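Inspection log for the structure reproduced underneath, given as structure tokens.
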Amino acid sequence: ISPQAASRRLVAYLACMAGGGAERVCWYSYDHGDMGFMNLPEVKTAWNSFRTLMLSGTVTRINVLPDYVGILIGATQHAY
């Protein structure tokens, strides 16, 4: 899996978890030893960026599709 695909997948997982009410998620919990998330600096960057976004305001909507993640925070739409 490419670093870009791993980053997109991680954001989608985290968005699903947030939409489901998870209060805390370890970013490496989806690695399972074969995806290599922990070894990709791009994934850690994606995690930090997403975390900052999620903490920036009240999340009012999360849409996760196979190739798109949309998050509405306040009146601002964010797309991944």
Side-chain angles (χ1 to χ4, degrees):
I1 187 168
S2 73
Q4 295 80 17
S7 296
R8 283 192 306 273
R9 190 171 293 172
L10 178 70
V11 167
Y13 290 156
L14 294 173
C16 286
M17 297 293 284
E23 294 181 15
R24 184 169 292 155
V25 176
C26 295
W27 70 272
Y28 51 83
S29 62
Y30 292 101
D31 197 346
H32 303 297
D34 60 349
M35 294 180 78
F37 279 11
M38 294 191 317
N39 299 324
L40 298 173
E42 297 90 347
V43 174
K44 187 172 182 179
T45 299
W47 161 263
N48 287 327
S49 174
F50 186 77
R51 180 181 181 279
T52 299
L53 174 67
M54 294 300 284
L55 294 173
S56 70
T58 302
V59 177
T60 54
R61 185 176 347 152
I62 296 175
N63 295 319
V64 179
L65 302 171
D67 60 347
Y68 171 82
V69 175
I71 302 164
L72 187 63
I73 297 179
T76 305
Q77 178 74 28
H78 302 272
Y80 288 90

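This is a predicted model, so every value here is computed, not measured.
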- Query: Would a distance-only check, ignoring hydrogens and angles, find a side-chain to backbone donor-acceptor pair under 3.5 Å from Ser49 to Ala46?
  - Reply: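 No, Ser49 side chain to Ala46 backbone: no donor-acceptor pair under 3.5 Å.
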- Query: Donor-acceptor pair, Ser7 side chain versus Pro3 backbone, under 3.5 Å?
  - Reply: yes
- Item | Set of side-chain contact (heavy atoms from CB on, under 4.5 Å) partners for Ser2, sequence neighbours left out | Gln4, Ala5
- Message: A side-chain contact here means heavy atoms from C-beta on lying under 4.5 Å apart; do Glu42 and Leu10 qualify?
- Response: no
Distance-only donor-acceptor hits, side chain of residues 68-80, under 3.5 Å, sequence neighbours excluded:
| unit_1 | atom_1 | unit_2 | atom_2 | d |
| --- | --- | --- | --- | --- |
| Tyr68 | OH | Gln77 | NE2 | 3.1 |

- Residues sharing Leu55's hydrophobic cluster, by side-chain heavy-atom contacts under 4.5 Å among ILVMFWY, directly or via others? none
- Task: Please report the closest heavy-atom contact between Ile62 and Gly19, naming both atoms and the distance.
- Result: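 Smallest interatomic distance, heavy atoms only, reads CD1-N, 3.7 Å.
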